[in-house]
Q: 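Here's a structure for you.
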Amino acid sequence: MSELLGLENLRKVFPVRAAAGEPAGELVAVDDVSFTLPPGGSLAVVGESGSGKTTVARMVAGLETPTSGRITLDGEPREAARAGRGARKARARQIQMVFQDPYTSLDAKQTIEAAIEELLRAHFDWDADRRRERVAQLLAQVGLDKRQGGARPRALSGGQRQRAAIARALALEPRLLILDEAVAALDVSVQAQIINLLADLRAETGVAYLFISHDLGVVRQISDDCVVMHRGRVVEAGRTTTVLDDPQDPYTRRLLSAVPRPGWVPRRRATSGASA
Amino acid sequence: MTAVTSTPVTAAPSSRLRRWRKVDPVLILSVLWCALTVLVAVAAPLLAPYDPSQTDILAAAQGPSAQHWFGTDAVGRDIFSRVLYGARLSLLGPALVVVIATTAGTTLAIAAVWFGGWFDRVLTRVLDIAFAFPPLLLAVLSVVLFGPGLTAPVVALAVAYTPYIARVVRSAALRERHLPYIESCTLAGLSGPRICVRHILPNVLPLVRAQAVTSLGSSLLDLGAISFVGLGIQPPNAEWGLMVSDGRTALLNGSPQESLAAGFMIIITVVAFNMLGERLAERAEVRA
């Protein structure tokens, strides 16, 4: 089986500063995580906050350096973050990322068009007309019109900003797009639109997704495979439908039973109600 | 009886309109005064009724009259003309100080934030030490090096003001540095200098602007004080701080026009710059 992204025994340890009454120590955020993602695939990393899923995403993106372990892209190890200009640009065209909060992930002083154009100018040797064409194409792809493209983030809604962030991330035609809780900050109806958009974009461009989420409903819609993380470790991995329909690990079952649905009663309330 | 209060339905004002409505008289007066002094400095030869260095012993130490609106000084020079011409050197000094200090302070601050690590720690320490030097002491040292005139106090104050600018900009830039949009620029393969100049700088610029305008006021005051004690601009040049000093003898003899006129100009201009800087800072805060 071909492989786009490979993680081997990835580990990240953060030093913890001494708090009042506690000695300085170490926090193992990610512990021995391995998985692979095929080209054009979609893999979700699921877990509650603090499970290490975002740290995994940041290491894959190159925003954090693994303490140990290997990250490979097309079988080649990812180069060190601070390399020369050529390497830096090559890295950028491999992996791009969409962040959770669309209110801080775009430069407030830049119009959406200018933000996309800046990347095109930095990476491609195109003339102004060609760049303008590509900007228009990208905006159309994510469903933003001309006026929204010319606006600053402040004038756009959360969903529109996230569309803009996706357009910007796709401008470099990356092989892999990391979506770090990319729909978590949006209203449910907008969430559904963005999820549909992401599905369409994957079909159109063949980009692979590494989708970080705590929302199992969203994960089911967007991913082929999923990895469940708990306290830095992978507790369960497999096809998304298999994992979510027939969970083997007790933690996955707990996660699933915590999803609100019709007739659902929060566990704590249920027990206190029973004892009353 | 029910009183029907009709609520007029008005269109929500656009953000630009609302910003205009919020403009207060203090701000308008400050802007007008600052603009006026700059205009006076530029157009002094056209506006001044007399040559500012033309002495006339026969008309010395006169009170205000139709010929001499603010009277004349001890050697018969027209005080009104000297106040107008004085705007030139009085504003040129602060402008130079602020341009140098703002450029140096902002550059250092953004570089410190970008590189972080030991560079940031060393710079922060150096700035802490620089805070301990009073501007006037630096000015004295500078006069020893450069001799009296415009250069010495400007260099001294530029050095003294850089830490203030750098500290404010550093904290603002630090906040921006860790926002996802900067990380996304890094991931997009943009170079460090480009991210600093095209992304961090524009986002801290409102604050830089506010700090620069406030510094204009305080450096005008400091430069005036340096001239007053005789370390800055030298006679027979017209400069407000120097004029306050020149007018002291006349002041004791009962004709305070020269010191009063120049002192008044200093105070009002400093207040105007401070008010303007304060309002700009408020706006920068609102946006952040």
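Lettering of chains follows the sequences in order, A, B, ..., and the numbering in each one begins at 1. Atom set for the values below is all heavy atoms of this structure, side chains included, hydrogens, waters and symmetry mates excluded. For clarity, every value in this text was computed on a predicted model and none was experimentally measured.
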Q: How long is the span from the CG atom in Asp107(A) to the OH atom in Tyr181(B), to the nearest 0.5 Å?
A: 5.0 Å

Q: Under 4.5 Å heavy-atom distance to chain B, tell me which part of Gln100(A) shows up: side chain, backbone, both or neither.
A: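 For Gln100(A), there is no contact with chain B at all, as no heavy atom is under 4.5 Å.
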
Q: Taking all non-hydrogen atoms of both residues, which atom of Ser105(A) and which atom of Ser184(B) are closest, and how far apart?
A: O-OG, 3.9 Å

Q: Of the listed residues (Asn203(B), Thr186(B), Leu205(B)), which shares the most heavy-atom pairs with chain A below a 4.5 Å separation?
A: Asn203(B)

Q: Looking at every heavy atom in both Arg88(A) and Gly189(B), which two are closest together, and how far apart are they?
A: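 Shortest heavy-atom contact: NE-O, 3.0 Å.
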
Q: Determine whether Arg198(B) and Lys109(A) make a side-chain contact, defined as any pair of heavy atoms from C-beta on separated by less than 4.5 Å.
A: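 Counting from C-beta outward, Arg198(B) and Lys109(A) never come under 4.5 Å.
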
Q: Using only non-hydrogen atoms and a strict under-4.5 angstrom cutoff, which residues of residues 112-138 of chain A touch chain B?
A: Glu118(A), Leu119(A), Ala122(A), His123(A)

Q: Quick one: CD on Glu183(B) to CG on Asp180(A), what's the gap to the nearest 0.5 Å?
A: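 Between atom CD of Glu183(B) and atom CG of Asp180(A) there are 10.0 Å.
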
Q: At a heavy-atom distance under 4.5 Å, which candidate from Gln96(A), Lys89(A), Arg93(A) has the highest pair count against chain B?
A: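 Among Gln96(A), Lys89(A), Arg93(A), the one with the most close pairs to chain B is Gln96(A).
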
Q: Step through the shown structure and confirm whether more than 12 heavy atoms of other residues, nucleotides or ligands are within 6.0 Å of CD on Glu76(A).
A: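 No, not enclosed.
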
Q: Does the side-chain contact (heavy atoms from CB on, under 4.5 Å) test come out yes or no for Leu187(B) and Phe99(A), once each step is laid out?
A: CA-CA 12 Å; Leu187(B) 283 182; Phe99(A) 293 84; 4.2 Å; yes

Q: In terms of heavy-atom pairs under 4.5 Å, which option from Cys185(B), Ala188(B), Ser191(B) contacts chain A the most?
A: Ala188(B)

Q: Please output the residues of residues 159-179 of chain A in contact with chain B, using a heavy-atom cutoff of under 4.5 Å, in numerical order.
A: Arg168(A), Leu172(A)

